[in-house]
Every structure is written in structure tokens, then in C-alpha cells.
Amino acid sequence: MKKLIPILSMMLAALAASAQIRIATPNTELILDGEVGGDLSFLYYGNILSDTDIESLTDAGVSWNDVYPTYGHWTNAEKALEVTHSDGNMSTCVKVESISTRQEPSATVTVIRMKDTSYPFYVNICYRAYNDVDMIETWTEIENQEKKPVRLTRFDSGSLAIRYGDVWLTHLTGSINNEGRLVQEPLQHGMKVLRNKDGVRNSHTEHSEVMFSLDGKPMEHSGQVIGAALCYSGNYELRIHTRERDYIEFYAGINPDNSAYTLEPKEIFTTPVLAFTYTDEGHGGASRNFHKWARRYKLANGTETRKILLNSWEGVGVHINEEVMDQMMGDIASMGGELFVMDDGWFGDKYPRNNDRQGLGDWVVDDTKLPNGIQGLIRNADKHGITFGLWIEPEMVNTVSELYEKHPDWVIKGLVHETLHGRGGTQLVLDLSNPEVQDFIFEIVDGIMTANPDLDYIKWDANMTVANHGSQYLPKDKQSHLFIEYHRGLINVCERIRAKYPKLTLQSCATGGGRATYGLMPYFDEFWVSDNSDALQRIHIQWGTSFFYPANAMAAHISAVPNWILDRRTSLKYRIDVAMSGRLGMEVQPKHMTEEEKDFCRKAIADYKMIRPVVQLGDLYRLVSPYEGYNMASLMYVAEDKSEAAFFWWKTELLWDEQIPRMKMAGLDPDKKYTVRELNRVDRDELKYEGKTFTGKFLMEHGLEMPSKHWVDSDLHRSDWTSRVLYLKAE
Ligand code: DGJ
């Protein structure tokens with residue numbers, strides 16, 4: 001009987017064919033117009049409307065925009081779906097067949113079932129509206145009930161109509177070692193396309209997340225903003241069409257380039273989720289909505305804080321051995337760290353991983369380097385009172401490996417033409433469309449975990465693009481499925497791993513920040529933001545990334561100087577102050593640090609433990625952008641109950657006699673009294689306001705002065721690389 005109730009309510013809802021379909025979150029709603037037998041159109045997206053306004057909504061002059069336009073009629077316009085039916089006809093015309101809703105523990109799902117007027121061809125347009133965060137997810141289920149296959153040549157997840165005006169687009173671009181660069185531009189007439197074609201990684205360059213500022217140049221604390229994130233790990237395409245109409249059209253979905261999909265009879269093609277949010281609190285409000293949603297629903301173990309770790313890569317590269325690992329573990333433990341991660345270089349038998357030419361695919365311990373295996377390392381970690389993690393790159397293989405010798409048919413390669421290789425001149429991508437390869441990858445993790453149940457963390461890397469189009473598994477007539485099937489295979493593996501190992505911490509890494517994507521976040525606890533660990537550039541990279549991702553997902557490590565990417569020397573304090581604004585870790589060989597430096601890190605790590613909950617789980621307020629030319633950047637995190645906050649301020653360039661703005665804070669309770677304490681102090685004298693108490697109102701309206709120099713002792717003032725971290729605690 002219990003099971004019948006939701007079914008009955010779905011059926012009743014389906015019968016209630018209303019014109020207005022309201023899809024609501026706590027503060028926002030999307031209103032569609034759709035009657036059974038008719039079209040489905042957008043009416044409104046914004047703050048929840050009053051009944052009075054709802055009644056008069058259409059009289060306010062809204063224009064009807066197709067929610068999911070299909071190719072066939074008005075062929076001059078952009079479409080969300082393009083289909084060649086089994087008889088060769090290229091036009092599709094869908095009308096509402098039914099509208100139903102179902103309850104999930106934290107959301108209401110509305111399904112609008114559309115049917116083609118001439119073919120047994122269906123599209124379910126689905127919306128999940130959360131009841132505790134202002135986020136709506138949309139996706140479609142494209143269903144072929146025709147007798148023969150149909151061919152899909154475009155299959156967007158969804159679209160949105162945005163009123164034309166002074167609309168600005170904010171998005172992230174960049175490159176390897178320069179990820180997450182913030183771009184803000186007014187939308188001009190024409191088509192703006194953001195897309196990816198890597199095949200494996202999708203966030204080094206353009207990101208699949210955007211924000212639209214609806215009332216002019218973007219502002220941080222105010223202004224109407226729609227944010228959108230396509231949650232997909234593979235090739236994507238976002239199109240923004242600004243043309244001679246009152247509405248800008250936004251489409252997002254899998255990139256259809258070289259990916260035409262043959263949908264067999266009875267098969268359903270489910271598109272990835274497109275999540276969107278609305279706020280009138282500017283970019284900051286949209287980011288906080290993304291973060292809250294991510295922590296609660298989109299990030300593995302998202303409501304938990306992360307451990308402070310040392311990763312071996314920048315410290316020792318592939319020069320792994322038991323003694324060095326033990327020394328590094330001892331050092332991080334002595335500084336208060338909680339986890340050690342052994343990076344690349346630990347594996348390979350016939351072809352030991354002594355360089356990047358060989359070994360990928362052979363996930364057996366190199367016992368010349370590690371005679372006591374992973375178990376021995378875990379025992380040593382335990383002895384030091386920390387946990388242990390390791391690096392794998394399971395989707396990849398070197399042609400110089402036992403795996404390749406055994407399974408040359410498992411790789412993606414040129415089927416006719418020469419095969420191009422990646423890193424080390426020998427790297428190839430395994431063909432995840434092949435279920436045997438999926439099993440193999442699951443078994444890598446399962447095997448490691450079964451042999452080492454106490455392993456705490458896995459860094460999952462992916463350093464190659466699909467450079468060759470060619471699956472040895474897919475039939476000739478389905479080669480165009482490769483990009484899509486690869487990611488289905490990857491998700492299948494991730495789901496199996498997560499089902500069996502829900503508490504294992506997984507980091508997604510892909511040549512740095514190539515996999516900062518909501519397509520994978522449900523399976524990964526965090527991502528490596530960039531291989532560029534230079535503190536100054538990290539301010540920019542982390543700033544952009546923070547638009548869409550919360551701090552507990554963003555791995556930020558203190559690294560050595562000169563920096564391995566930029567050769568720049570920054571002060572240790574500066575490097576610590578930047579890393580502490582994300583998920584703090586270290587990326588050094590501690591053996592090369594002085595005792596004074598270790599002491600400084602030890603103190604910082606202890607303080608980070610105090611501010612960790614507010615940094616990793618608090619609300620982010622960005623204060624001054626490094627992109628705005630003030631030669632500084634600042635942000636703060638505030639606890640949800642406003643009882644504490646962590647404030648970060650970094651000088652990004654120092655000029656003589658500069659007038660530095662006084663730092664006004666945000667997000668505090670105006671009536672609460674906060675006591676200010678500086679962390680990571682290097683100055684001889686305390687700040688004047690050290691230990692002093694101010695109201696939240698004062699801190700937000702008047703703020704505090706930031707001295708531009710560090711006066712370390714009476715002779716020496718270190719004026720470059722100035723930064724401050726303040727901890728605010730309410731009485
Ligand atoms: C690329 C990653 O981004 C690095 O952090 C490191 O893990 C190397 N791969 C190891 O080969």
C-alpha cells in the first residue's frame with residue numbers, strides 16, 4: 001500500500017493538466033506554461049512570486065519561449081534536440097503529454113512528458129527543485145519507441161531564456177597551470193560558445209559553469225544573477241545566443257561534435273544534469289548557493305571537513321622508496337598533519353615506474369622501492385599517528401607496460417591511421433566503453449582496498465586527452481559513441497567504487513585542475529586545483545574556482561620555493577596564508593625545510609585546525625578581487641550561525657606609497673561583537689586591533705586597516721608578499 005501512494009499521487013498529478021507549472025525552491029521559482037496537447041514554454045525564473053503577481057504574470061508582457069526546442073519547424077533558430085527519425089525524416093515536433101511530480105527526501109521532481117505528434121518518440125523534461133537550497137536541476141530522457149533506431153545529432157540537457165538587456169556573462173577559462181581564470185564580459189549580439197573536446201578532462205580551459213548578471217556589470221554582493229553548471233565529466237557545449245529578440249537563449253549539454261548517437265528502439269538517452277540557481281545577492285549569493293548545494297548533494301562526503309595532508313609529488317617526484325616515504329610521514333606528522341599521500345612512482349614490476357615512459361597500467365608495488373609493500377607504509381603511517389593514501393592513474397596505460405602487452409586491444413587508438421601518444425611518448429587512454437576495461441579499473445581500486453583496508457585516500461589522476469578517435473570495442477557504426485560511452489563507463493566505475501567504499505577519500509586530479517567538474521564530484525571528495533602551486537597565481541586560480549566550488553573541494557598546498565612552475569620565490573607566510581584559504585595541504589620535501597620553517601608550519605596547521613570548519617564549511621564572501629587591479633585580494637568565510645569568521649587578505653603587488661583601501665568585511669551579524677586575532681603573525685609587533693572587539697556592523701561598514709608591510713624586526717621589514725589572516729570570534 002505504501003508503495004501505491006507515491007504512484008497514485010503521481011497519477012493524480014499527471015491528470016491535473018494545469019497551464020502554469022511552478023517549480024519552486026525556498027526562495028526562487030521557475031514557472032513554465034504547458035497544457036496537455038500544447039507546447040511547453042518559459043514564463044518566469046526569479047524570486048518566488050505572490051499570488052497576485054502570479055495571476056497577472058502573463059499580462060506583464062512575458063513572451064513565450066520554447067523550453068526544449070526541437071529541430072523541424074523554424075529551422076533558422078537554435079535547437080536543443082536534433083533527431084533523424086527511423087524513416088529518415090529530420091523534423092521533430094513534441095507536445096505535452098502529461099505532467100507529474102514525485103517527492104524525494106530533499107526535493108520535488110517534476111516530469112513533463114512530451115510526445116512527438118507523429119512518431120512514438122518521447123522526451124521527458126525533468127526538474128529537481130531542492131527544498132533547502134535554491135538550486136534546480138534539469139535533464140531530459142529521450143526515448144525511442146519507433147520500430148527502428150533513430151539518430152540523435154544534438155541532445156542538450158536543457159535551456160533557459162534570459163531577458164535581453166545589459167546582461168553580463170561570467171565564466172572560467174585558462175590552460176594547464178593557469179586554470180580557473182575569471183572572465184567577465186557583456187553579452188553582445190551573436191553566438192557565444194563555451195566547449196570542450198578533450199575527451200577525458202574538461203576544466204583546464206573553458207569550464208561548464210557560468211553566471212549571468214542580469215542588471216549590468218557584475219557585482220559581488222548585489223544584483224540579479226542566474227548561475228548554471230552542466231554536471232558532466234566529458235565533452236560539453238554551452239551556447240548563448242543573443243540575437244534580435246527580447247530573450248537571450250542559453251543551451252547546455254553534451255558536445256555533439258563527432259558524437260552522433262544511434263538510439264535503438266526502446267532505448268532511453270538520459271542527458272547530464274544542468275543545475276541552475278537564481279539570487280539577487282550578486283555573484284557572492286550565486287556562489288554560496290552552488291557551495292551549499294555542492295556540500296549537501298553534489299560532492300562526496302560534502303558536509304565533512306578534509307584532512308591536512310602532505311603529498312609527495314613536488315617533493316620527490318617518482319623517486320619513491322620506503323625510507324623517504326617514512327621520513328616524509330614523520331615530518332608531516334610532527335607538523336600536525338593527518339595524512340600522507342604517496343604520488344606517482346610506486347608501482348611496476350617488469351617496467352618499474354622510474355620515469356613517465358613506462359609502468360602505467362601495472363598497479364603492482366615495485367618491491368625494490370617498497371620491500372614491505374603498501375601494508376608496510378600503512379604500518380609506518382600508523383606509527384606516526386597519521387593515515388596513508390596513494391596515487392593512481394587507472395584510465396591510462398603506457399605502451400611500455402605488461403598491461404599493454406597483454407591487452408593491446410584495450411586502448412583507444414587510431415584504427416587506420418597512426419596512433420598519437422601522450423606523456424612520455426608512450427601514454428594512451430584505456431577504452432572505457434569496453435566493460436572489461438571498466439571491470440579492470442574497478443578491480444584496481446577494489447584490489448588495493450581489499451589488500452589494504454586501512455588505506456584512507458586515493459589521488460586519481462588522468463593525464464591524457466583522447467588524441468586518437470578509435471575504439472577497438474565499439475562496432476564500426478557506433479564509433480561516434482566513443483566520447484559518450486567513455487564517460488558512461490567512467491561513471492559506472494565510480495558508482496561501483498563509491499557503493500563499496502563510501503568513506504574512502506578520493507581526489508580527482510587531471511594534470512592539475514583538468515577535472516574540477518560537477519560531473520565527477522558526486523564520486524570525489526575534492527579536486528587538485530592546479531599543478532601551479534605558486535601562491536600568487538593560486539590566488540587567481542582559486543578565486544575563479546571559488547565561483548562554483550566550495551573550499552572543502554579545493555586542494556591548496558604549501559609548496560617549496562622557487563616554485564617549480566614559475567620559478568618565483570614567495571615567503572613561507574604568504575604560501576601558507578594562500579593555502580589556508582582552501583583545503584590545506586603541503587607539497588614539499590620537508591627534509592629541505594629549516595626547523596624555523598617547520599615550526600611556523602606547525603603553528604599554522606594547529607591554527608588551521610581551529611578555522612577548518614569555518615573555511616571548509618562556512619559561507620564565502622569575496623571582498624576584493626585580484627582581477628580588479630587593486631594590487632590585492634581578500635575574501636572571508638563566515639560560519640552559518642555567524643559565530644566566527646576567517647578573513648584572508650593578500651597583497652598581489654607592492655608599489656611604493658600606495659593607498660590601500662580599508663578592508664570592509666561582509667556576511668557578519670551586525671549585532672554580534674567579534675574579537676579579532678591575527679594568525680600566522682610574522683611582525684615583531686601585534687596589529688593594533690589584536691585582541692580588540694568590534695561589532696559586525698562596524699567591521700562591515702568601516703572595516704579595518706591592513707598595514708602593507710611586515711615589520712619583522714627593528715632593521716628588517718619584509719615588504720613584499722604581504723598577507724594577513726584574521727580569526728574573528730563572536731562573544
Ligand atoms: C599530474 C598531477 O597533476 C600531479 O599532481 C602529479 O600527480 C603527476 N601527474 C604525477 O605524474
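For ligands, and for the atoms within them, numbers begin at 1 and follow the listed sequence. Scope of the values below: all heavy atoms of this structure, side chains included, with no hydrogens, waters or symmetry mates.
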TODO: Would you please say whether a donor-acceptor pair under 3.5 Å links the side chains of Asp446 and Tyr501?
DONE: yes
Task: Note, Leu182 side chain near Phe547 side chain (heavy atom, < 4.5 Å) - done: yes
- [ ] Check whether any side-chain heavy atom of Trp346 lies under 4.5 Å from a side-chain heavy atom of Arg353, and answer yes or no.
- [x] no
Open item on the list: Give the residues near ligand 1 by chain and number, with the criterion being a heavy-atom distance under 4.0 Å.
Closed with: Trp313, Asp343, Asp344, Trp391, Arg423, Lys459, Asp461, Asn463, Cys509, Thr511, Gly512, Trp528, Asp531
- [ ] Kindly assign one of parallel, tilted or perpendicular to the pair Tyr518 and Phe290, based on the angle between their ring planes and the thresholds 30° and 60°.
- [x] parallel
Task: Stepwise side-chain contact (heavy atoms from CB on, under 4.5 Å) check, Asp461 with Ile392 - done: CA-CA 6 Å; Asp461 206 347; Ile392 53 175; over 6 Å; no
Task: Heavy-atom closest pair, residues Cys231 and Trp293 - done: SG-CH2, 3.9 Å
